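Report on the following structure.
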Amino acid sequence: QVQLVESGGGSVQAGDSLRLSCVASGGTFSTYSLGWFRQAPGREREFVAHIRYNGNNSYFRDSVKGRFTISRDNTKNTVYLQMNSLKPEDTAVYYCAAKKWQILSAIRSESGYDYWGQGTQVTVSS
C-alpha cells in the first residue's frame with residue numbers, strides 16, 4: 001500500500017508561481033509512475049501532468065504546457081509540480097496519484113492510477 005501526501009498549495013495572484021510536492025511512502029518509489037490531477041468546483045477531476053517511473057519522460061495537458069513542469073527525486077520519494085504563470089482557471093484541488101509500471105495509454109485517466117493523495121488547494125486570484 002502506497003500513501004501519498006501533497007503539500008505546497010495556497011492562495012496566489014495571477015502570474016505567480018507555486019511548487020507542489022507529493023511525498024510517497026509504503027512502496028518502492030522508483031517503480032511508480034506519478035501523475036497530478038486537479039478538480040475545480042463543479043467540474044470533473046482532470047489530468048494535469050505525468051512523469052514516468054524512471055523520470056525520462058513527462059506529459060502535460062495542453063492548457064499547462066510551457067507553464068508547468070513535473071519532476072521527481074527518487075532519493076526523497078517525492079514528485080514535484082512547478083506551476084508558473086498561474087491563471088485563475090488553474091484554481092482547483094490538486095491531487096497526486098501513483099501507479100506501478102503504468103502503461104502510457106492510461107496516464108491521462110483517473111482509472112490508470114491505484115493510489116491517490118488527499119489533495120492540496122490552489123487558488124489563483126486575478
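Source: prediction; values computed, not measured. Numbers for residues simply follow the sequence, beginning at 1.
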Original post:
Could you go step by step and tell me if Tyr95 and Arg45 meet the side-chain contact (heavy atoms from CB on, under 4.5 Å) rule?
Top reply: CA-CA 9 Å; Tyr95 298 89; Arg45 192 151 53 180; 3.5 Å; yes

Subject >> Full working for side-chain contact (heavy atoms from CB on, under 4.5 Å) between Arg52 and Ile107 >> reply: CA-CA 9 Å; Arg52 305 300 287 154; Ile107 67 171; 3.7 Å; yes

**OP:** Dump the intermediate steps for side-chain contact (heavy atoms from CB on, under 4.5 Å) on Arg72 and Thr78, then the final yes or no.
**Re:** CA-CA 6 Å; Arg72 63 190 295 160; Thr78 302; over 6 Å; no

Original post:
Run the side-chain contact (heavy atoms from CB on, under 4.5 Å) check on Arg61 and Glu46 step by step: do they pass?
Top reply: CA-CA 9 Å; Arg61 71 177 298 105; Glu46 62 184 19; 3.5 Å; yes

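Side chains of Val79 and Trp36 form a contact here, defined as non-hydrogen atoms less than 4.5 Å apart. Side-chain atoms of Leu34 and Phe29, non-hydrogen and from C-beta on, do get closer than 4.5 Å to each other. You'll find the side chain of Leu81 reaches within 4.5 Å of the side chain of Val48, heavy atoms only. For the pair His50/Asn57, no side-chain contact is recorded, criterion being any heavy-atom separation below 4.5 Å from C-beta on. You'll find the side chain of Tyr80 stays beyond 4.5 Å of the side chain of Thr69, heavy atoms only. Side-chain contact between Tyr94 and Met83 is present, with heavy atoms from C-beta onward closer than 4.5 Å. Counting only heavy atoms from C-beta outward, the side chains of Thr31 and Tyr53 never approach each other to under 4.5 Å. Gln102 is not listed as a side-chain neighbour of Tyr32, based on a closest heavy-atom distance of 4.5 Å or more.
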Output side-chain donor-acceptor pairs under 3.5 Å for residues 7-20, partner residues at least two apart or in another chain, one line each.
{"residue": "Gln13", "atom": "NE2", "partner": "Ser125", "partner atom": "OG", "Å": "3.3"}
{"residue": "Asp16", "atom": "OD2", "partner": "Gln13", "partner atom": "N", "Å": "3.1"}
{"residue": "Ser17", "atom": "OG", "partner": "Asn84", "partner atom": "OD1", "Å": "2.9"}

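Checking side-chain atoms of Arg67 against main-chain N and O of Ser63 turns up a donor-acceptor pair under 3.5 Å. Between the side chain of Ser109 and the backbone N or O of Ala106, no donor-acceptor pair lies under 3.5 Å. Between the side chain of Glu6 and the backbone N or O of Cys22 there is no donor-acceptor pair closer than 3.5 Å. Without hydrogens or angle criteria, Thr28 side chain to Ser30 main chain gives no donor-acceptor distance under 3.5 Å.
Contacts of Phe37 classified as ring pair (Phe, Tyr, Trp, His ring centres under 6.0 Å), with partners at least two apart in sequence or in another chain: Phe47, Tyr113, Trp116.
Across Arg38 and Ala92, no two heavy atoms sit closer than the pair CB-CB, 3.7 Å. Listed here is the closest heavy atom pair of Thr91 and Ala40: O-CB, 3.6 Å.
A distance of 6.0 Å separates CD1 in Ile70 from CZ in Phe60, rounded to the nearest 0.5 Å.
Contact check on Asp90 versus Lys87 returns no salt bridge, with no Lys/Arg side-chain nitrogen under 4.0 Å from an Asp/Glu carboxylate oxygen.
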